[in-house]
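Residue numbering restarts at 1 for every chain, and letters A, B, ... go by the order of the sequence lines.
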Amino acid sequence: MKAISKLKCSTPTSPLRSSPYVPATPASPDIPSPSSLLDEFTKFCYQSDLPRAIKAMNAMQTLGIHADCITYSQLIKCCLARRAVQQGKLVHQHVFSNGYQPKTFLINTLLGMYAKFNLLNDAQSLFDKMTERNVVSWTTMISAYSNAKVNDKALSFLVLMLREGVRPNMYTYSSVLRACDDLPNLRQLHCTIGKVGLDSDVFVRSALIDIYAKWGEMQNAWRVFNDMETGDVVVWNSIIGGYAQNSHGVEALNLFKRMKRAGFPSNQPTLTSVLRGCTVLALLELGRQVHVHILKYDPDLILCNALLDMYCKCGSLEDANSVFARMAERDVISWSTMIAGLAQNGHSREALQLFELMKASGTKPNYITIVGVLFACSHAGLVEDGWYYFRSMKHLFGIDPVREHYGCMIDLLGRAGKLEDAIKLINEMKSEPDAVIWRTVLSACRVHRNVDLAAHAANNILKLDPQDAGTYIILSNIYANKQRWEDVAEVREAMKNRGIRKEPGCSWVEVNKHVHAFIQGDCSHPQIDEIRRQLNRLIHRLMQVGYIPDTNFVLQDFEGEQMEDSLRFHGEKLAIVFGLMSLSKESTIRIRKNLRICGDCHLFAKLVAKMEHRVIVIRDPIRYHHFRDGFCSCGDYW
DNA sequence: TTAGGGTTAG
C-alpha cells in the first residue's frame with residue numbers, strides 16, 4: 001500500500017500523461033531500461049502479481065515514467081484479480097490526485113472495480129462525480145445494481161440513460177434483463193430489444209431465456225430459444241436449466257440429447273441441469289450414468305452438490321453418503337442438502353448428528369440448514385429438540401425464524417398431536433399463514449382425526465388457493481364422515497362451478513432405464529392384464545394374513561365392492577406389482593408419484609415389502625417412503 | 001472500460 005502512495009502524478013499538462021514516457025537514450029547495463037520496466041509491469045499485471053506490479057510501477061516513476069490511463073487501468077484489473085480492495089481504493093485516490101483528469105474509460109474501469117467488489121456506494125458516488133458518462137458507465141452501474149438485486153435502481157438507470165440520450169447496447173440489455181421483476185416490464189423490454197434488433201445477440205438471448213424461465217414462462221423462453229439463428233453452449237444451458245428449474249425433467253433431458261446431436265459439448269452447468277432433470281423425474285439409473293460421465297471431469301462444488309441432491313431425492317442415501325464423504329470441499333449447501341436428504345428419507349438422528357459435525361467443521365448454517373434441522377426433529381417426533389432449535393436459532397446462529405421455520409414447527413407439533421400448540425404458534429407468526437401452513441395443519445388433523453379443525457384448515461386453504469383439488473376432496477370426505485351431506489353437496493358444487501377436477505393419480509417406475517407410467521383408470525400398459533392378475537393374487541394372499549383394504553381414502557363416490565375396486569387399481573399398487581414382476585429380487589423398487597400416497601397403498605406397500613422381502617421406495621410430491629420388513633421410514637405419518 | 005448458464009426446505 002505504501003508503495004502505491006509513493007507514486008506521483010505529474011501536472012495535467014504534462015505530455016507524459018498521454019503515453020508512458022520512454023527516454024530515447026540507451027540505459028546503462030546495471031540500470032533497467034524504461035521499456036523493459038514497462039514490459040515487466042505489463043507482465044506482472046498479466047500474471048496478477050500485484051506486489052511486483054506495484055514495485056515495477058514505482059521503479060518506472062523513479063525513472064520519470066508516469067502512469068497513464070492504460071497503466072492505471074492495468075493496475076486496477078490486477079487489484080480486482082487479487083481482490084485487493086484497499087489497494088484498489090488507493091489507485092482510485094492516486095488517479096484523481098494532483099488535478100489529473102482521467103479519461104472516461106479509466107473512470108469506467110474504477111466503476112467496474114467497485115461494482116465487482118459490490119461496493120455500490122463507492123460506485124455511485126464516483127458515477128455522480130463523472131462529467132462525461134458513456135454507455136459503458138451506465139451499463140456498469142446497471143450491472144452493479146442487477147448483481148446486487150437492487151432491481152428498481154437498475155431499471156431506473158435504464159430510464160435515466162435513455163432520458164440523457166445514451167443508447168443502450170446488448171451489454172446494457174443483458175444486464176437490465178436480470179433486474180426485471182415484473183412480467184409487463186419484461187414484455188415491454190423484450191419488445192424494445194426486438195425493435196432495435198438486439199435479440200439475436202447470444203448474451204441477450206440467454207438473459208431473456210433465463211428471466212422468462214425464472215418467471216415460469218417456459219413458452220416464451222422456448223420461443224426465444226427456438227427463433228435461434230445464433231446460439232452457443234450458454235444459450236443451450238439456459239433453456240435446459242430453465243426446464244429443469246421448472247420441474248419439466250422430460251423436456252430438459254430431451255433438449256440435452258438434441259444439444260449433443262447438434263454437436264455442442266456439454267460443460268458443468270449443462271450437467272448440473274441434466275442432474276436436476278433426473279432429480280425431478282427420480283431417475284436414479286440415469287442419474288448414475290450422468291455421475292459416471294461426470295467422473296471424467298474434475299467436478300466443481302456446484303456439480304457435486306447437484307449430485308448429492310439427485311441421490312437424496314432419488315432415495316439412494318448410500319450413493320449420497322459416498323459422494324459426500326469424497327467431496328474435497330463442502331459448503332453450506334452441501335451440508336444442508338445432506339441434512340435435509342437424511343431427514344426426508346427418515347434418518348432424522350443421523351441428520352442431527354451431521355448438523356453437529358457441520359458446526360464443528362466451522363461452516364455457518366443458513367436459514368435453509370435450520371429448515372432441514374427442524375424437519376429432522378419433526379420426523380423423529382423430537383418436540384423438545386425442535387423447540388430448542390426454533391427458540392435459539394436467532395441467538396445461536398443469528399437467523400430470524402421465517403414462515404418456513406414456523407411451518408416446520410407446526411408440522412412437528414401437529415405430528416405429535418399437539419394441535420392446540422400448533423394453532424398458538426400460527427397466531428404468533430408475524431406474517432399471515434399461507435396455504436402451505438394450513439395444509440400442514442390439515443395433514444395433522446387427518447392423522448389425529450380432529451374434524452372441526454380440519455374443516456377450518458381446509459376452508460383457509462381454499463380461501464388462499466381455490467384451485468387445490470386435493471383439499472376439496474379431503475373437505476368433502478370430512479363432511480361425509482360426519483354425515484353432513486348438505487356440506488358435502490356444497491363442496492362438490494363449488495368444485496364443479498370452479499371447474500376443478502381431481503388430478504389423475506400417476507405412478508412411474510423405472511425398469512431397465514425405461515420409465516413405465518401407471519395412471520389410474522388407464523389400461524394402456526402392454527402388460528396390464530398380467531399385472532392386474534398378479535395384483536389380484538397378491539391382494540388375496542395379503543388378505544389371508546390380515547390385510548383389510550382401508551376405504552377411508554376413497555372419495556365418497558363409491559360404495560362397498562366398487563370402492564375396494566377403485567383402491568385395488570391405484571397406480572402405485574400396479575407399479576409395485578410391475579416392479580415385482582420385472583426387477584431382480586435384490587433390486588429396490590423405486591416409484592415416483594404425482595399425488596400423495598393414500599393410506600391403503602401405504603399399508604399395502606408395507607405388507608408387500610415384508611411378505612416379498614423387498615425394499616420399496618416411493619417418493620410422493622413431498623415425502624419419501626422407504627418400505628422394508630413391514631415398516632416405513634415415514635413412521636406412518638405423511 | 002460494460003453482459004450470460006448450474007446447487008439448498010415444505
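- Taken residue by residue, residues 165-177 of chain A places heavy atoms nearer than 4.0 Å to DNA chain B at Asn169(A), Met170(A), Tyr171(A), Ser174(A), Ser175(A).
- Residues forming a side-chain hydrogen bond (donor to acceptor under 3.5 Å, both in side chains) with Thr139(A) (at least two apart in sequence, or on another chain): Thr172(A).
- Sorted by residue number, the members of residues 132-150 of chain A with any non-hydrogen atom under 4.0 Å from DNA chain B read Val136(A), Thr139(A), Thr140(A), Ser143(A).
- Every residue was checked against the salt bridge (Lys or Arg N to Asp or Glu O under 4.0 Å) condition with Asp331(A), not counting sequence neighbours, and none meets it.
- Within the 4.0 angstrom heavy-atom criterion, only backbone atoms of the sugar-phosphate kind lie near Lys77(A); the bases stay farther away.
- Note: Phe127(A) and Trp138(A) have perpendicular aromatic rings, judged against thresholds of 30 and 60 degrees for the angle between ring planes.
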Distance-only criterion, 3.5 Å: show the donor-acceptor pairs between side-chain atoms of residues 246-258 of chain A and protein atoms not counting sequence neighbours.
{"from": "Asn246(A)", "atom 1": "ND2", "to": "Ala213(A)", "atom 2": "O", "distance (Å)": "3.0"}
{"from": "Asn246(A)", "atom 1": "ND2", "to": "Gly242(A)", "atom 2": "O", "distance (Å)": "2.9"}
{"from": "Asn254(A)", "atom 1": "ND2", "to": "Val250(A)", "atom 2": "O", "distance (Å)": "3.4"}

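- Regarding contacts with the backbone of dA3(B), a side-chain N or O of Lys116(A) is found under 4.0 angstrom from either OP1 or OP2.
- Between the CG atom of Asn246(A) and the C1' atom of dG6(B) there is a distance of 14 Å, rounded to whole Å.
- Arg439(A) comes within 4.0 angstrom of no nucleic acid atom, judged by non-hydrogen atoms across all strands.
- Between Arg205(A) and dG4(B) there is no side-chain polar atom (N or O) within less than 4.0 angstrom of OP1 or OP2.
- Applying the side chain to side chain contact (heavy atoms under 4.5 Å, CB included) rule to Ser206(A) yields the partners Val234(A), Val235(A), Ser238(A); only residues at least two apart in sequence or on another chain are considered.
- In this model, a side-chain donor or acceptor of Asp300(A) finds a partner on the base of dG6(B) within 3.5 Å.
- One interatomic measurement links the two molecules: CD1 of Ile370(A) to C1' of dA9(B), which rounds to 12 Å at whole-angstrom precision.
- dA9(B) atom C1' lies 13 Å from atom CG of Asp434(A), rounded to whole Å.
- With sequence neighbours excluded, no residue forms a salt bridge (Lys or Arg N to Asp or Glu O under 4.0 Å) with Glu432(A).
- Tyr72(A) and His94(A) are linked by a side-chain donor-acceptor pair at a separation below 3.5 angstrom, with hydrogens and angles left out of the test.
- Nucleotide dT8(B) holds its C1' atom 14 Å from the CG atom of Leu342(A), rounded to whole Å.
- Residue contacts shown for Ala340(A) are limited to sugar-phosphate atoms, with no base heavy atom under 4.0 Å away.
- The base of dG4(B) is paired with the side chain of Asp232(A) by a donor and an acceptor separated by under 3.5 Å.
- Rounding to whole angstrom units, NE2 of residue His405(A) and P of dA9(B) are separated by 13 Å.
- Residue contacts shown for Phe375(A) are limited to sugar-phosphate atoms, with no base heavy atom under 4.0 Å away.
- Contacts of Asp319(A) classified as salt bridge (Lys or Arg N to Asp or Glu O under 4.0 Å), with partners at least two apart in sequence or in another chain: Arg288(A).
- In this structure, Val202(A) reaches the bases: a heavy-atom distance under 4.0 Å links it to at least one base atom across the strands shown.
- In terms of the salt bridge (Lys or Arg N to Asp or Glu O under 4.0 Å) criterion, residue partners of Arg403(A) (sequence neighbours excluded) are, by chain and number, Asp434(A).
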